[in-house]
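The structure appears below as structure tokens.
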Amino acid sequence: MSFLNIIRRRLVLLIFVVFGVSVVTFVISHMIPGDPARMMAGERASDETVAQMREALGLDRPLHIQYLTYVGDLLQGDFGVSIRTQRPVMDDILRFFPATIELAVAALLFAIVLGIPLGVLSAVAKDRGIDHLTRTLSVTGISTPAFWLGLLLIYLFYGQLGILPGSGRLAGNMSPPPFVTGFYTVDSLIAGDWAALRSALAHLILPALTLGFIHLGVVTRQIRSAMLEVLQEDYIRTAKASGLSRARIVLDHGLRNALIPSVTMIGLAFGDLLYGAVLTETVFAWPGMGNYVVESIAALDFPAIMGFTVVASTAYVLLNLLVDLTYMFLDPQIREIG
Amino acid sequence: MSAVVEVRDLSLEFPTYRGPVHALSNVTLSVGAGEIVGLVGESGCGKSVTSMSVIRLLPPASNRITEGTIRLIGRDMLATGERELQDMRGKLVSMVFQEPMNALNPTIRIGRQITQVIHRHERVSRAEAEARAERLLAEMQVPDAKRVMKNYPFELSGGMRQRVLLAMAFSCNPKVLIADEPTTALDVTVQAQVLTLLREKAKERGTSVLFITHDLAVVAQLCDRVYVMYAGKIVEQGRTADVLRRPLHPYTQALLRSLPELGQPKQPLASIAGTVPDLIHPPGGCLFRPRCAFAHDRCVEVPPLLSGGGEEVQHAAACWLLADGHRDSADTGRSDLPSNEATTLPAKPAKQTLLTLEGIGMRFPVGANWRGRPRGYVHALNGVELEVQRGETLGIVGESGCGKSTLGQIVMGLLRPTDGRVLFDGTDLGNLPGSEMRRMRRRFQIVFQDPQASLNPRMTAWRVITEPLAVAGGRTTSWLKGKARELALQVGLRPDQLERYPHEFSGGQRQRIAIARALALEPELLVLDEPTSALDVSVQAQILNLLLRLQRELDLTYLFISHNVSVIRHVADRVAVMYLGQVVELGPTAEVLNHPGHPYTRALLASVPSLDQSAELAAPVRGVELPSAIRLPTGCFFRERCPFAAAGCDQPQPLRGAEADRHLVRCHRTGELPPA
Amino acid sequence: MTVTDRPETLPSAEADTNGPAGATSFDWRYVWYQLRRSPLAIVGLVIIILVLATMIFAPVLAPYDPNAINLLNRLAAPSFEHWFGTDQVGRDLLSRVIYGARTSVTVGFAIVGISMGFGVVIGAFSGLAGGRIDTVIMRFMDVLLSFPSFVMAMALAAALGPDLINAMLAIAVVRIPFYVRLARGQALSLRERPYVKAAVTFGSSRLHIVRRHIMPNSLAPIIVQGTLDIGVAILTASALSFIGLGAQQPTAEWGAMVSNGRDFLLDQWWYPTFPGLAILITAVGFNLFGDGLRDIFDPRLRAK
Amino acid sequence: DPAQATDLHTLVIGKSGDPDNLDPAVTMTNNSWTATYPAYERLVRFKVEDGRGTTEVEGELAESWTVNEDGTVWTFTLAGGHKFADGSPVDAEAVKFSFDRLLKIGKGPSDVFSSVEKVEAVDDRTVRFTLKEPFGPFLSTLVVDGAGIVNPAVMEHEVNGDMAQGYLADHSMGSGAFQVASWEKGQRIVMEPNPHYGGPEPFFEQVVIRIVKEATARRLQLEKGDLDIAEEIPVDQLSAMAEVPGVTIVDEPSFYVTYLYLNNERAPLDNVKVRQALSYAIDYQGIIDGILLGQGIQMRGAIPKGLWGHDPSVMQYEYDLEKAKALLAEAGVEDLKLSYLYAKTDPNWELIGLVLQQNLAPLGIEVELQEFAYPTMRDKLDTGDFDIAVGNWTPDYADPSMFMNFWFDSERHGLAGNRSFYTNPKVDELIREAATGSDQAERTKLYQEAQEIAVEEAAYVLLFQRNYQFAMRDDVEGYAYNPMLLQIWDFARMSKSE
Ligand SMILES: Nc1ncnc2c1ncn2[C@@H]1O[C@H](COP(=O)(O)OP(=O)(O)OP(=O)(O)O)[C@@H](O)[C@H]1O
Ligand SMILES: Nc1ncnc2c1ncn2[C@@H]1O[C@H](COP(=O)(O)OP(=O)(O)OP(=O)(O)O)[C@@H](O)[C@H]1O
Ligand SMILES: [Mg+2]
Ligand SMILES: [Mg+2]
């Protein structure tokens, strides 16, 4: 399949996904009891106030009109107004997005940097002690409830040892660095604000560890099984018969080929980070999308939930596209034929 | 002659969950300097294990060497450390494997894969290494070596890859080359080229070669000396000519006699009954004893290698017969050949066409462009016209990818041709309604190549055999079981084994099950798609015999597909030679194979290695790649590779013949060709 | 009769020279042999058995009524009477963790059962049908896969009312596509197997092929996946409970217990710790065992 | 001794939830008021006496006021000297602008002022409010957050006729002592002094409101000195925290009450006997001791203790299982199955449900806990789709009408307040009369009379009046508790010692 073909398929999928997500959330939002107008007007508002609100929100119009209006606005980047914060959903999301991405990237880096060597080690030492150890670690990672691990880490590193902060992105008495990327670590580096950098890093460690631990398991397991499969390919035997060193065989011939199928897996794992992020952000009060959506759900703030799901699924589809392209780039068979 | 490879008394076992597999027992062999030594034997007899052990390539944890020594160029390989072994591999001894498709790393460019080996063993600059790699490729007759250096393996054909692997193997001028069935996966025409190349280069450089194969003819063409293995033991050894001409061991004798090239066409072959012993519980004494026609009391003891006497140097076999003087040559003793009663062929009934293929074309879409439309088509079949007469065997022969299986599937109605019609007994299968098609289907059945894959692993044998009957419904289990027993007996299976699952049978038995299933509906036509190519020659002989007998007894019509010319020669009444989805030659078997009219048929026949050592192996096609079936050549499809190409070949060729529809050839120069 | 045609009456005819059973066939001895060599899978199996036993014998094992509140004995530290301490309304945590096994494991099995059941049927049908139907179904599944599944589950659970059954359904629905893909892949590859083609040649119906050939032969990888998924399902369900969208009071459910206990982490560390450990251990059990099974059944990983 | 982690001149508050919106005409949540209340000034404010806030009002922007005979026209004279953060004076125009804006936007906070017909700026320092009808609590409504005076210059930020809602959502433009300097959503709000503030110069140079969602984390940060004030510490942890050196627990009675709605229109709770039985079956002290760890008192009547109008002698139900059984028998019902509707909004609600299950079991009543997301729960409350539900209530302004008129007026069926669907024409009459009167003694009498009836009829199960607690470093000074101003601090009057 060609690059163009992949892109086309993903973009068509994106249309369907956005359509599907918007319909589903829209239906859900109208299935629930609870009148958004009343929620926005406040607990003790009078009926007139609520009616006025309903009209302002267009909630008095027929459902399909409401949906069409919503989709029309959506296409113009207008996600509506949050019931809870009464601010444009898009503004909110843009504000929280970088935090989540920063956390996810940090977690993924942790998982990859540690997971690939562990996976390779485990495959090379299959069925020996180190393999059992690594597999135990990876299975534990996969099996650990993130919310619980987060709590334990807070208890230990913040509560007992007091060496790392347990919530937020930055020490409370610090101002965030000027916005460039939205990543505090990167931005403070750019601004040369070392204190902020230190604080941002310190705040990042525990949540990234929590989130990364699960994915460490995923990555390790994936690399291990891909390596095991690759290591028994005929070309590995050829390499051995040519006297190539073990390191060269494992890293150049083995890992190179094991990484190709792993890209997809790891890419999809990155998509799953969102799921983990919801819980991790809740536990660490990390001001990101996950946190935002949990609060929105608690308040049944459907404009916000819909906005989030649309953005998240779009991001997911685009991420998949990126993964596909990377995959094609890594696999010469696909790259060269195009 | 000082031996560069010396294996002495090597015994090796693999621990498995069912107990240790005694893969090698007391194997002793040697390869002298500059010598090409063959190691032959049927599947699973331990050839690969032996070869891998020589350079200690088996993962240490998976096996245990229980006794013996291995010396390579004077070095004790069992006492050598892993580092040193690595230094030796690729430099002193290199290895070429069977599957060229997978033996190269798919993600590294060819050039780097070769230079990597050079760099590993020699301190040379990058430029030097690259220059050398390119020279090597050129030497291995890789056209356009410079470009190939930058290619990835998938961009090369199988033959090219095997050349690249040879280049890699020769890159550091090793003393010894171990080649483990390097040509088994290749087409005969390519095999001929690669073998010629291998022999030349080895002789040129004085490299010793340990050549592993299951094909006795290849040994005949290539090797100075040969070792015959059976069930992990060397059973016979000697100069190639001696062993092939005067085999000493009953196994070697039987093996040779089960080759179809040595049998009379359509006559039963002397197969070896039974199967290879289970190496977990090997029979005591001589391992061949249970299948041996000459077995006697002494055979419960392990026989040593005994000289065959006479003037033949080093010709020896592990058989008590030699010691006891029961016999001294293959010509004496009981003959396994059946009596001549079967040789009288039944008179052919009047010609009656059972199957007609009219202008069959088949295209498969490949790839997809950005709109999801195919980017091109594989032209698997291009206007095939054939008729099959009731009661005959029509053989279809051709190299891999020429469309044989596709044709078989179209006949079976498993694929719908893009062009043309299939008429069975006068009925067009293309526009039959579902129910009638279902009824029609019972009249023709198919047997596939891979007996393992053709049986559902989760059904017992009797269920497999009676599945066609059960599908029709309305039969009791006991009736079905009874039927299964009948069919089993018919194909030579023990009825008491019918409760077993397919994986509990040997390959030959599985193929018998598949045949029994095909017979269940009492069909008139059987399509046999390479029914024996996954089997060992001894088992192949059993199956061929069975098929011939069934045809006689049940008056069956066969469409017999094979890439093996000898098999076709043995079973077919008429033969169609296919090339790139076309029938290029068609006629009575003997006529086509003895007086081929098409340059391609000639090339094909010339490439088939012969047991007759004097028949020099030739590589008669030009070293041009097989054209792609996606972009078909214009004119005659064989034009670019044809040594006789001339003006006029750029026009499409029709099938034509002197005597109408007896011997047809798709070549306008047939008459002008020099005698073969 | 000639030599060549005699039935193979040799005692050693059982030979299977190709080593262990073929890629998809099932040989208990082989499975057991491999399991024995894989201590981790055994550990997993033991954990699963223990958890299942806990689930079944909860009434016998639990020292107290898991729902009996005792406001006078709130947040008691682990002691001889209350091994795991008590929660903020004085319920015995050990008893609640034991009863929690019932909730969590049942939910895990139910989720996998539902998604597997629907997924396999849809997938096998889609794969075998091919063509336009297949395309439409798979595009639909692609869409479903791109949904932010956990958030969808959250939204669904929130909208339908927080409730274990709703959470279960929500999670199961978003997991269906995985099984559809798996089963379809199996069907697609099995469809090309000669024995399926052979079945076509003697006029088998589609139903016969699915029942006799596709289903039995695609089961192993699907069951392996299912085993691994139970761990995931338990985790996901507990995560939903953790954010308050799953099990409701007074049902004992591990995720909800961790959630309730999080505020007490500093002084009453045992409250969130034990139920969290229970989730971890159970998930580890299913994952270890599933991993082991996969190693055994994955033909690609089999030693050649 | 834990390190002083924060600057001396910075006050750091840790709260559990992010404010939603900082526009006083929009926001309805206490979390927002923490920032908006100090950022704006109002015409009047609560008096502070002896370091404690009272529920009586005094002038803030207003110097004095008069009301006409029938209580429909209020005229305020502004004190002068108050300036917005941009230096412009707070004049009558600004007051008129603020109320016009509030009413035009028409969101939640405007609801209290639905009786206002018009606001006029008579001159620079005089504003006149005309009411549609007399409204007893009018003066006390002027202390609510929504009555904050906004700088009319805000209209420069108006977009598409939104009356600058977009801008004020995350900025402030008031004359209060501290203005919002920045707000990183979900993380913190930083407030800085208003350079033109009319009052004495504040001690703090900066106030930081940090969002720390986990109670545990808030507690740890306070103990370590990273926070000066930590809100919403679970009762279980208060005693442990009190032990930590440097930490003070503020623990005061509040008007924050928790009670059960009994659906008066649905059988069997339409039977007064059954309702009374329930009221007798509940172990009030058990709940207070067990759930609040004793940090509260059982309610006595609807008007909480501490608010004027409270009647210390009104009947109070007590735990009496026998009586409950007898009443139930009298009602002739048995094997009841009742639903208990709640949400996660207040963690106590779930615990109350569990206790309820236990308490009612001996009566043969099975209670089914039904948890919903809060909006869903409210919808069910609105439509009367429940048997028993739980609710919390705090008054918006310091007037018993906040309880009596909201809870018992049959016109408010299903609205916030009368979610028991209680109907009694006599009570209606009494409380409506009380609401329009302007004489406090008169009104008290009317309310107490109504209250007696309603309590007797057990419209609600009145559970408890909870204490308001938070933790504070003990070097923070100048905090004056006011039960009307929960989660609101008067930063201008607070300081820290070295
Ligand atoms: N890793 C292994 N574990 C168990 N048994 C093995 C292993 N490798 C090989 N064997 C067994 O050892 C025997 C010899 O195998 P080997 O691969 O040498 O046969 P071969 O002669 O090369 O056959 P083929 O022609 O099929 O390549 C066979 O019975 C095989 O089943
Ligand atoms: N389903 C398919 N899709 C695309 N191409 C196909 C398909 N089936 C066969 N082909 C192509 O059609 C050509 C003929 O294939 P076919 O299997 O008939 O060859 P064959 O002569 O049987 O070869 P072999 O000896 O290797 O079995 C090949 O180039 C093959 O790649
Ligand atoms: Mg081999
Ligand atoms: Mg074929």
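All values derive from a computational prediction rather than experimental measurement. Lettering of chains follows the sequences in order, A, B, ..., and the numbering in each one begins at 1. As a basis for the values below, the full set of heavy atoms in this structure was taken, side chains included, without hydrogen atoms, waters or symmetry mates.
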Without hydrogens or angle criteria, can the side chains of [X] and [Y] be said to hold a donor-acceptor pair below 3.5 Å?
X      : Y      : result
B:R463 : B:Y501 : no
B:E42  : B:S538 : yes
B:D536 : B:S43  : no

With a 4.5 angstrom heavy-atom cut-off, is it the side chain or the backbone of [X] that approaches chain C, or both, or neither?
X      : value
B:Q409 : side chain
B:L455 : backbone
B:M440 : neither
B:Q445 : side chain
B:R517 : side chain

Check: If you draw the axis of the six-membered ring of B:F288, does the NZ or CZ of B:R291 fall within 45° of it and under 6.0 Å from the ring centre?
Finding: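 No cation-pi geometry.
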Among B:R442, B:M412, B:E467, B:R438, residue most engaged with chain C (heavy-atom pairs, under 4.5 Å):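 Result: the option with the highest number of such pairs is B:E467.
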* **Region of C:H213 in contact with chain B, defined by heavy-atom distances below 4.5 Å** =>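 Contact with chain B: backbone and side chain both.
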Practice prompt. Decide if the gap between the ring center of B:F424 and the ring center of B:F444 is smaller than 6.0 angstrom.
Written response: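 Aromatic pair counts; centres sit under 6.0 Å.
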Do B:P260 and B:L269 come close enough that some side-chain heavy atom pair is under 4.5 Å?
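Yes, their side chains come closer than 4.5 Å.
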